[in-house]
There are 2 protein chains.
Amino acid sequence: MNLKQLSQLLGLSQTTVSRALNGYPEVNEATRERVLQAVKETGYRPNKAAQRLATGKAGSIGLVMPTAPGHQSDVHFGEFLAGLGEEAVRHDFHFVIMPADPDDEVAALRRLAISGNVDALFVAYMRGHDPRLAMLKSLSMPYVVHGRSFGSEPDYPYLDIDNEGAFYDATRLLLQLGHTRFALMNGPMHLDFAIRRKNGVISALAERGLTLEEGCMSHALMTDEQGLLAMEHFLQLPERPTAILCSSTVLALGAIRAVNQAGLRLGEDISLIAHDDVLPLLKPESFSVPLTTTRSSLRAAGVRIAQRLIGTVKQAGPFPDQELWKTELIVRASTGPAPRP
Amino acid sequence: MNLKQLSQLLGLSQTTVSRALNGYPEVNEATRERVLQAVKETGYRPNKAAQRLATGKAGSIGLVMPTAPGHQSDVHFGEFLAGLGEEAVRHDFHFVIMPADPDDEVAALRRLAISGNVDALFVAYMRGHDPRLAMLKSLSMPYVVHGRSFGSEPDYPYLDIDNEGAFYDATRLLLQLGHTRFALMNGPMHLDFAIRRKNGVISALAERGLTLEEGCMSHALMTDEQGLLAMEHFLQLPERPTAILCSSTVLALGAIRAVNQAGLRLGEDISLIAHDDVLPLLKPESFSVPLTTTRSSLRAAGVRIAQRLIGTVKQAGPFPDQELWKTELIVRASTGPAPRP
DNA sequence: TACATAATTGAAAGCGCTTTGGATGTCGCT
DNA sequence: AGCGACATCCAAAGCGCTTTCAATTATGTA
């Protein structure tokens with residue numbers, strides 16, 4: 001069933017039917033009713049590809065999903081997607097997901113944009129000096145970046161959380177508890193959030209004249225295994241750190257396993273603060289020792305970004321170009337006073 | 001840059017350029033080279049919407065993502081998507097993801113199909129007597145179902161794992177270890193895999209004249225919290241079960257927390273076998289007591305389904321219509337002989 | 001040399017929709 | 001009766017691509 005057939009069925013022109021469906025005012029209410037009724041009966045749905053071709057809009061937002069045979073799927077990605085989806089479903093938008101090798105992201109993004117299949121782009125996993133920004137700017141297609149790109153002029157639309165502030169505050173808390181030996185368990189070094197979190201830690205330490213030793217920093221994929229390995233390494237250090245900052249509850253999962261295996265007590269021998277993206281699978285309050293965290297919901301960020309993206313496509317009012325969300329510092333049992341030497 | 005401009009630039013007709021790009025034989029090799037060269041220089045990419053409109057194909061597979069404000073994102077979904085993506089990227093396919101309220105899945109699937117935006121459909125979260133099957137059959141669009149639908153004639157293309165066999169085998173192992181009091185921690189009752197797994201347990205027990213009490217069965221969302229709750233319930237039973245079968249390592253996570261909190265020892269007081277979808281986040285061998293599991297990689301299933309779907313769209317050879325994968329039973333430390341009463 | 005055949009290329013139709021630029025009919029007023 | 005202002009509706013152009021059908025040129029054969 002297509003427009004032509006439907007309009008013939010109704011004895012109307014395609015023009016009128018199209019207008020009736022798209023809410024144009026210049027169509028008699030009675031005819032509009034008839035059309036809507038016929039649509040219900042026939043189950044007619046406009047062909048999106050044709051709509052897109054005719055209007056240039058198709059109600060879809062595009063994103064690149066990094067993937068490769070060895071590439072681990074990322075819980076954070078799924079959670080974010082759920083947020084995007086939650087908002088998209090309200091506006092009858094859908095996603096076009098282009099899977100791409102992580103090394104090929106710039107090109108993949110470009111293909112996606114030029115394909116004429118999407119109205120707007122969403123970009124995540126931002127890096128320092130991210131090469132995708134220049135490309136995006138040249139594209140004349142709306143986009144929103146999740147995160148920022150350290151070292152690039154912040155003149156692009158983004159939504160980010162205050163990573164530096166979060167880790168600064170967390171570090172201060174641990175300092176107040178008397179800790180002096182710190183370690184940072186971070187995400188991959190090239191990622192923007194990792195850079196900023198590190199800076200937050202360093203600047204809080206600097207205020208007390210402390211520094212973060214090279215050996216007390218790990219940069220790795222945010223999996224529980226990496227957390228385990230990193231923590232094992234920290235625990236073997238001659239000057240064992242007592243305060244651990246951790247970029248994800250996933251990392252914390254492994255880290256805590258290492259702490260337990262070493263016979264140490266979390267919140268007493270070792271204090272740990274992790275960043276909590278509010279993953280449904282990993283609730284900090286459900287850990288055997290509930291985790292002190294800096295919290296910001298990844299899913300909420302997804303919802304918000306979808307709002308901005310869809311709003312822009314639909315030309316629904318202006319949106320702030322840049323948003324920086326504060327995180328919450330939630331104190332639970334994994335932090336305690338520094339142990340006496 | 002579109003075809004028309006490109007062809008004018010080259011002094012050729014759109015026809016010839018189009019043919020050159022799509023590998024038709026009736027075009028001079030020299031001209032083809034020229035065209036390809038121009039494409040490289042100009043960065044021309046065909047408009048997918050137009051291609052789709054003209055050919056009816058657009059290199060995309062569609063799927064519905066269940067989502068809603070309260071709806072938890074599902075790790076399993078993300079992992080599966082990674083598998084689909086891994087294969088799709090090899091064929092320059094992409095996904096069209098339509099987010100939809102879980103209650104609205106049939107309609108959403110229908111919309112997606114008629115939208116003319118996708119070449120094939122993928123369907124998951126199968127239920128008993130799933131209403132989507134009839135709809136899919138009426139659609140004349142290729143599709144593959146992940147899982148099966150208990151109670152429906154199995155005359156549709158699917159890829160499933162042998163859930164019944166897996167849980168039958170797991171139960172037998174526990175029986176051989178001397179266990180007599182069983183409990184099953186299952187996924188939502190309406191889902192097909194839950195039905196089959198339950199049947200597997202029941203039939204293995206029946207061979208020994210045992211039954212599964214109503215109170216020894218839980219059907220819930222597969223989150224760690226639900227696992228915790230279910231296990232707490234089991235542990236309070238007057239005839240406490242000693243053998244637990246668990247539909248997911250996520251559930252097991254919570255269940256084990258409950259076991260620990262009750263001061264019981266896993267693998268001694270309580271034996272537990274979980275089904276392992278090979279989630280990168282939750283490795284059974286990394287649990288403090290490594291988990292005995294029935295294993296089948298969700299991601300591998302994603303890859304295979306993408307293969308079949310894309311292969312069918314590309315008319316690349318016939319594929320088996322129905323595949324049933326065996327699971328592996330991997331014995332680790334969470335199972336042991338039944339404790340003496 | 002003349003003619004069939006193969007190798008290349010193009011013009012134009014069409015995919016299903018939106019939208020511009022009329023056309024037609026109605027109504028209220030002078 | 002005559003005229004502008006609305007309210008409705010429609011024909012046809014176009015979005016960017018593929019593909020059928022036909023035209024043109026090059027090649028080989030008798």
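Below, chains carry the letters A, B, ... as their sequence lines are ordered, and counting in each starts from 1.
Comparing the local axis fitted to the first five base pairs of the helix from C/dT1-D/dA30 to C/dT30-D/dA1 with the one fitted to its last five gives a bend of 60°, rounded to 10°.
The distance between atom NZ of B/Lys48 and atom C1' of C/dG16, rounded to the nearest whole Å, is 19 Å. If you take NZ of A/Lys57 and P of C/dG16, they are 23 Å apart, rounded to a whole angstrom. Note: CG (B/Asn117) to P (C/dG16) measures 14 Å, nearest angstrom. Summarising the geometry, the separation between CD on B/Glu29 and P on C/dT8 is reported as 9 Å, rounded to the nearest angstrom. Spacing between atom CZ of A/Arg32 and atom C1' of D/dC9 amounts to 13 Å, rounded to whole angstrom units. As a whole-Å value, the separation of A/Gln8 CD from D/dC10 P is 12 Å. Look at CD on A/Gln5: it is 11 Å from P on C/dC15, rounded to the nearest Å.
Electrostatic pairing of A/Arg111 and A/Asp104 counts as a salt bridge here, judged by a charged N lying under 4.0 Å from a carboxylate O. A/Asp192 has no carboxylate O lying under 4.0 Å from a charged side-chain N of A/Arg148, or vice versa, which leaves the two without a salt bridge.
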For residues 298-308 of chain B, dump all side-chain donor-acceptor pairs below 3.5 Å to protein atoms at least two apart in sequence or in another chain.
{"from": "B/Arg299", "atom 1": "NE", "to": "B/Glu86", "atom 2": "OE1", "distance (Å)": "3.1"}
{"from": "B/Arg299", "atom 1": "NH1", "to": "A/His71", "atom 2": "O", "distance (Å)": "2.5"}
{"from": "B/Arg299", "atom 1": "NH2", "to": "A/Ala68", "atom 2": "O", "distance (Å)": "2.8"}
{"from": "B/Arg299", "atom 1": "NH2", "to": "A/His71", "atom 2": "O", "distance (Å)": "3.0"}
{"from": "B/Arg299", "atom 1": "NH2", "to": "B/Glu86", "atom 2": "OE1", "distance (Å)": "3.1"}
{"from": "B/Arg304", "atom 1": "NE", "to": "B/Glu323", "atom 2": "OE1", "distance (Å)": "3.1"}
{"from": "B/Arg304", "atom 1": "NE", "to": "B/Glu323", "atom 2": "OE2", "distance (Å)": "3.1"}
{"from": "B/Arg304", "atom 1": "NH1", "to": "B/Gln307", "atom 2": "OE1", "distance (Å)": "2.9"}
{"from": "B/Arg304", "atom 1": "NH2", "to": "B/Glu323", "atom 2": "OE2", "distance (Å)": "3.4"}
{"from": "B/Arg308", "atom 1": "NE", "to": "B/Pro320", "atom 2": "O", "distance (Å)": "3.4"}
{"from": "B/Arg308", "atom 1": "NH1", "to": "B/Tyr158", "atom 2": "O", "distance (Å)": "2.8"}
{"from": "B/Arg308", "atom 1": "NH1", "to": "B/Glu323", "atom 2": "OE1", "distance (Å)": "2.9"}
{"from": "B/Arg308", "atom 1": "NH2", "to": "B/Pro320", "atom 2": "O", "distance (Å)": "3.2"}
{"from": "B/Arg308", "atom 1": "NH2", "to": "B/Asp321", "atom 2": "O", "distance (Å)": "2.6"}

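If you look at A/Phe80 and A/Phe122, their ring centroids are closer than 6.0 Å.
Scanning both residues, B/His129 and B/Ser152, for their nearest heavy atoms gives CA-OG, 3.6 Å.
Within 6.0 Å of CZ on B/Arg32 lie more than 12 heavy atoms contributed by other residues, nucleotides or ligands. Atom NZ of A/Lys137 is surrounded by more than 12 heavy atoms from other residues, nucleotides or ligands within 6.0 Å.
Residues B/Glu33 and B/Gln37 bring no donor and acceptor atom of their side chains to less than 3.5 Å of each other.
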Which nucleotides of nucleotides 17-25 of chain D have their base under 4.0 Å from a protein heavy atom (B), which only their sugar-phosphate (S), and which neither (-), written as one string 5' to 3'?
-> BBBBB----
